[in-house]
Each structure stands twice: as structure tokens, then as C-alpha cells.
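Please read the structure below before turning to the comments.
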Amino acid sequence: MPDTTTPSLDPGPVFADRIARLTGRHPIAWEAAPPGGYTKTSRLIAHFAGGGTAFVKEAVDDLTAGWLRAEIAVYRQLRAPFMPAVFAIDETDPPLIVLEDLRAGYWPPPWRPGDVGTVLDTLAAVRATPPPPNHPSLAGMRNAIAGWQLVAADPAPFLSLGLCPAHWLETALPTLLAADREAPLDGDELLHLDVRADNLCIGLPNRPAILVDWNHSCFGNADFEVIGWAPTLVRQGGPPPADLAPDADGRLVSFLAGFWAWQAPQPPPSPDSLLRAHQTEVLRVTLPWAADRLGLPRPDGPVAPRPDA
């Protein structure tokens, strides 16, 4: 999320009055926030009378309203150096949050020397932070995101991605299904659960790496955090997953691969969404890593043809 020039805009006096009421500061100019993420929330930079700016994120539909309220629930209960400062919260429709403007920080990629270590240090601090009360649990999501069960019931969508031949899947499924059941998700550690470059701000003075977009946060086995980050990192020129997490539990890696295996071939949430393409590329890294960690053959060789081929 680099600090680039973006077009000025005016969301209107009603919205400006809402921000002024929430923050006690009157916005006099607006600009679109730099692009980031895969959701369609309204994302603006407010410029205030007397100086200063803030990042404003507002829901635009029922889906983004639900995600934003989940994020608000975290900000209401948890404040930490690895989180952005919160200026205001409003859950009335449409919900919104006003956060510090982090454009002065560095938003990878590219990953500079030391950046990966900085993020790992921050993830250790996240792990050591007690989760807020009534926080969702990673283990509680097992059935909802255990994708290999869904792939086993209907393998055609996954095979249409062309990432493995059908005979590989048939041979590997018993091991993958067992990993879904046995993946050690339980724990009492805090997870962000969506660690990737567009959610990471690095390099602000006297600050750790800052994680944004906390709507997926939960508690559980925080080993899963680095495993979830590793496949996106390697796609941006970072180290291979096996270097970042050499002792990764293969059942956790497989659990992650199963989630992407079911999600990636689904219809996109909107016609212009890049989410499914991102998930497919992440799975392209995660699937062979899972095979390696579980002692399975790599899913190489001829692939199943796409149904529309």
C-alpha cells in the first residue's frame, strides 16, 4: 500500500458530518486510499481542518458489514502496538471504523533485508498476547473450513484448477482427509489469521510491523499463523515455505491446502474480484508443500483437463 497520489473525491456533507461527530475533527478534503485487499469496502483518507489525516473504512453491503463488525469487535477489546490506532468506531448502518493513516510506513513487496524477521518478531508478539474474551476459536472452524472433505465429495471443481492429476488426488485423499481430522488446531494463543503483504505495514519509527484487517482473528494453535503466511510470501520473492517454517506440522499445512482447494474454484464474490486467482496461486505453493510434509508424492505430471477445454 504505497503512498501514491490518488484522485480527490467528496463523499458528501452527510458522511463528513458523521466523521466529524465521531472524531471531533472536521474533514475538509478526501482522497481514495491506496488499493489493497480483496473486499469492496469503501476506503478513504480524510484530511482534517488544522492538519492530520485518518483512514476511514466503511461497509458497502451485507457481506462487508459482517466482516467490518467482526473487525470492530476485535478493536473494541484489544489494543496493541502491532495494531493501528483506533480513532472512532460506529456500528450503525453502514458500519465504519476510523484508524490511523499508515501510508508513511513501508508496505511490501518487495521484501527488503530484515523485513521478514521484523514480521516474525511481530507474530511472536501477537502469539504472546492474551486473546480477548469470547474470541472465535480456530478449532471451532474445523468443520467449516476442512476443505478436503468437500473436495472428496465433489472433486471436479478442484481438479479443474489443473494443479494435480486425478490419480494423485485419489491416492492422496485418505491421507489428506486424516490430516483434516487430526490437524492440531487447539490452543489458547492469539492469531490474526490473514497475514499477507497488503495487511502489513513495516518501518514506522519505534513501532513493530503493524497488522491491519483483523476480521478473521481467532485463538488457537499459533503455529498455523506462519504456515498461513508462508505461501503468499514465496509468491512475492520471499523464502520458500520450507525455509520459513522448516518444522511445520504437515497436518496443518494440509488443512490450509484443503481450504484453498475448495475455495479457489468457487465463483468469485464479484465479477471483478481477484480473490479466486489469488487463492489458486497460494494453493499452487501450498499443495506440494503439504505433500512433502505428509510424505506424499508431489502432485506433478499430467494434469486433468479443464471441463471447458
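What you see below is based on every heavy atom in this structure, not just the backbone, and it leaves out hydrogens, waters and symmetry mates.
The shortest distance between side-chain heavy atoms of S217 and L191 does not fall below 4.5 Å. The shortest side-chain heavy-atom distance between P27 and H47 does not fall under the 4.5 Å cut-off. For the pair Q263 and I145, the minimum side-chain heavy-atom distance is 4.5 Å or more. Inter-residue side-chain proximity for L200 and I210 is flagged as unmet; no heavy-atom pair is nearer than 4.5 Å. Counting heavy atoms from C-beta outward, V151 and L159 have side chains that stay 4.5 Å or more apart. W111 has its side chain within reach of V116: a pair of non-hydrogen atoms, C-beta onward, lies under 4.5 Å apart.
Residues L78 and P132 come closest through the heavy atom pair CD2-CD, 4.5 Å. What you find for G220 and L138 is that their closest heavy atoms are CA-CB, 4.3 Å. Across all non-hydrogen atoms, the minimal contact from P95 to I72 is CB-CD1, 4.3 Å. Residue V56 comes nearest to A46 through the heavy atom pair CG2-CB, 4.2 Å, listed as atom of the first residue, atom of the second, then distance.
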What's the verdict on side-chain contact (heavy atoms from CB on, under 4.5 Å) for L96 and F15, showing C-alpha distance, side-chain angles and the deciding distance?
-> CA-CA 11 Å; L96 64 76; F15 188 79; 3.9 Å; yes
Would you please test E182 and R142 for salt bridge (charged side-chain N to carboxylate O under 4.0 Å, His left out) and show each step?
-> CA-CA 10 Å; E182 299 167 6; R142 184 185 299 272; over 6 Å; no
Should D180 and R251 be marked as a salt bridge (charged side-chain N to carboxylate O under 4.0 Å, His left out) after you check the CA-CA gap, both sets of side-chain angles, and the distance that decides it?
-> CA-CA 7 Å; D180 264 5; R251 296 168 298 175; over 6 Å; no
Check step by step if salt bridge (charged side-chain N to carboxylate O under 4.0 Å, His left out) holds for E91 and R76.
-> CA-CA 11 Å; E91 292 191 68; R76 286 197 183 281; 3.0 Å; yes
Given the rule in the salt bridge (charged side-chain N to carboxylate O under 4.0 Å, His left out) test, do R18 and D90 qualify, once you have shown the distances and angles that lead to the verdict?
-> CA-CA 9 Å; R18 186 184 186 193; D90 188 0; 3.0 Å; yes
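Under a hydrophobic-cluster definition in which Ile, Leu, Val, Met, Phe, Trp and Tyr are linked whenever side-chain heavy atoms come within less than 4.5 Å, directly or via other members, W30 and I28 are assigned to different clusters. L120 is connected to M83 through a chain of hydrophobic side-chain contacts under 4.5 Å among Ile, Leu, Val, Met, Phe, Trp and Tyr, so both are in one cluster. Linking Ile, Leu, Val, Met, Phe, Trp and Tyr residues whenever their side-chain heavy atoms come within less than 4.5 Å leaves I227 and V234 in two separate clusters. Grouping the Ile, Leu, Val, Met, Phe, Trp and Tyr side chains by contacts below 4.5 angstrom, directly or via other members, places W229 apart from F219.
A donor-acceptor contact under 3.5 angstrom links the side chains of D61 and T64, judged on distance only. H192 and E225 share no donor-acceptor pair across their side chains, judged by distance under 3.5 Å alone.
The number of heavy atoms from other shown groups lying within 6.0 Å of CG (D62) does not exceed 12. With a 6.0 Å radius and a threshold of 12 heavy atoms from other residues, nucleotides or ligands, Q266 has its CD atom above the threshold. Within 6.0 Å of the CG atom in N134, the count of heavy atoms belonging to other residues, nucleotides or ligands does not exceed 12.
Ring-centre distance between F158 and W148: below the 6.0 Å cut-off.
In this structure, the side chain of E189 engages the main chain of A222 through a donor-acceptor pair within 3.5 Å. A donor-acceptor contact shorter than 3.5 Å links the side chain of T122 to the backbone of A209.
Using a 4.0 Å cut-off between a side-chain N of Lys or Arg and a carboxylate O of Asp or Glu, D213 and R196 do not qualify as a salt bridge. Salt-bridge formation is detected for the pair D93/R69: a Lys NZ or Arg NE/NH1/NH2 atom is positioned less than 4.0 Å from an Asp or Glu carboxylate oxygen.
By the 6.0 Å and 45° rule, R112 stacks over the aromatic ring of Y106.
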